[in-house]
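Here's the structure we're looking at; comments come further down.
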Number of protein chains: 2
Amino acid sequence: MKWTELRDQSCPVARALSVVGDRWTLLILRDCYFGIRRFDHFQERLGITRHVLSDRLKSLEASGILRREPYQQRPLRHEYRLTEAGKAFYPAFVAIVDWTEAHVPPKDGTSVRLLSKTSGEPIRPEVVDANTGEPITLTSVRGITPSMPEWDAKRG
Amino acid sequence: MKWTELRDQSCPVARALSVVGDRWTLLILRDCYFGIRRFDHFQERLGITRHVLSDRLKSLEASGILRREPYQQRPLRHEYRLTEAGKAFYPAFVAIVDWTEAHVPPKDGTSVRLLSKTSGEPIRPEVVDANTGEPITLTSVRGITPSMPEWDAKRG
DNA sequence: TAATGTCAGTTCTGTTTTGGAACCTATTAT
DNA sequence: ATAATAGGTTCCAAAACAGAACTGACATTA
């Protein structure tokens with residue numbers, strides 16, 4: 001399978017990877033969530049090469065995750081802002097961060113903390129079924145897909 | 001920044017990428033959630049080259065996501081099974097799939113459906129704060145991190 | 001006994017992608 | 001005039017990847 005073919009797969013995991021599945025894109029998105037919008041700021045913070053950054057921003061724009069908007073004329077300059085689709089990825093992003101904090105320990109003790117803006121308390125992210133409020137786990141869900149009807153088979 | 005340095009970063013996104021941030025790992029994990037355990041089965045389903053598959057399985061084992069277990073002697077054969085950390089990634093995986101279904105449309109009409117095992121109904125995944133039950137969005141959360149105290153600054 | 005098949009890899013070679021650094025263009029500031 | 005700023009592009013070397021063949025330990029079939 002080629003990298004460029006991922007987008008056309010029916011599997012949503014493959015499609016997700018076509019958008020955020022490379023070395024840098026999720027880090028760029030992280031910085032967007034931090035409020036970063038400009039080329040040089042991304043480049044300084046990430047240590048990514050300018051060439052690759054240019055590429056990734058283009059592809060994020062093409063995927064509808066970021067949009068490029070002029071913020072001044074003379075000289076014309078653009079910045080990159082999250083679209084609704086980009087903002088909508090934030091919960092998934094939080095779920096990844098939460099898993100990582102729990103299962104991929106840092107070498108030093110530092111860590112990110114997410115606080116609720118309303119209560120000021122640390123949040124405890126959880127992925128639930130909005131219909132029932134029940135947490136989603138590997139054993140509570142069954143998948144149906146054209147390519148693999150028996151997703152429910154033995155797992156783990 | 002080098003690929004190998006990601007693991008030592010304090011940022012959990014960088015650490016997450018050190019584990020699942022390459023072209024193939026998330027697809028391997030998907031197949032694990034389908035119940036796939038053996039080398040050749042991964043290879044056939046994914047179309048990954050055997051060399052890269054071998055590499056990824058080793059690194060997933062090193063990260064504690066999969067464990068390698070003998071399933072027969074003579075000839076000695078191993079299979080790859082999800083650890084608790086691997087299973088614990090499932091909710092994040094579902095959050096990614098859900099976002100993708102909503103924002104990265106497939107070319108053909110096929111799609112995956114996740115059903116609750118108890119009710120049989122389609123699930124509607126949502127990332128909430130377990131303390132309050134409130135959905136987590138970009139605007140409801142404030143981040144604190146050593147590298148960027150003002151995460152809460154203007155965003156979007 | 002010989003040939004064939006299975007499974008889990010390793011080795012080889014050539015293409016793609018990335019990293020690192022310098023360069024380019026328009027414009028404002030000194 | 002000179003330097004600085006912002007947002008890129010161009011070049012080359014290094015790393016990662018794809019595709020295919022090969023290995024080794026057995027098991028099965030002829």
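Numbers restart at 1 for each chain; the letters A, B, ... are given by sequence-line order, proteins then strands.
Using a 4.5 Å cut-off on side-chain heavy atoms (C-beta onward), B:Ile28 and B:Tyr80 make no contact.
Cation-pi geometry between A:Arg38 and A:Tyr71 is met: under 6.0 angstrom from the ring centre, within 45 degrees of the axis. A:Phe42 does not carry A:Arg37 over the face of its six-membered ring by the limits of under 6.0 Å from the centre and within 45° of the normal.
For residues 119-128 of chain A, there are no salt bridge (Lys or Arg N to Asp or Glu O under 4.0 Å) pairs, not counting sequence neighbours.
Taking side-chain N and O atoms only, B:Lys58 has a distance below 4.0 Å to OP1 or OP2 of C:dT10.
Under 3.5 Å, the side chains of B:Ser54 and B:Lys58 contain a donor-acceptor pair of N or O atoms.
A:Phe42 comes within 4.0 angstrom of no nucleic acid atom, judged by non-hydrogen atoms across all strands.
In terms of modelled atom types and a separation under 3.5 Å, the side chain of B:Ser140 and the main chain of B:Ile136 share no donor-acceptor contact. The backbone N or O of B:Gly86 sits nowhere less than 3.5 Å from a side-chain atom of A:Trp99 that would complete a donor-acceptor pair.
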5' to 3', nucleotides 18-30 of chain C under a 4.0 Å protein heavy-atom cut-off (B base, S sugar-phosphate only, - none) gives SBB-B---BSS--

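Remark: C1' of C:dG9 and CD1 of B:Ile28 are 14 Å apart, rounded to the nearest angstrom. The CD atom of B:Glu69 sits 17 Å away from the C1' atom of C:dA8 (whole-angstrom rounding). Look at CG on B:Leu57: it is 7 Å from P on C:dG9, rounded to the nearest Å.
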Could you please spell out the steps behind the salt bridge (charged side-chain N to carboxylate O under 4.0 Å, His left out) verdict for A:Glu101 and B:Arg15?
-> CA-CA 9 Å; A:Glu101 291 285 26; B:Arg15 294 206 309 285; 3.1 Å; yes

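You can see that DNA chain D meets the heavy atoms of chain B within a 4.0 Å-exclusive cut from D:dC17 to D:dA27, reading 5' to 3'.
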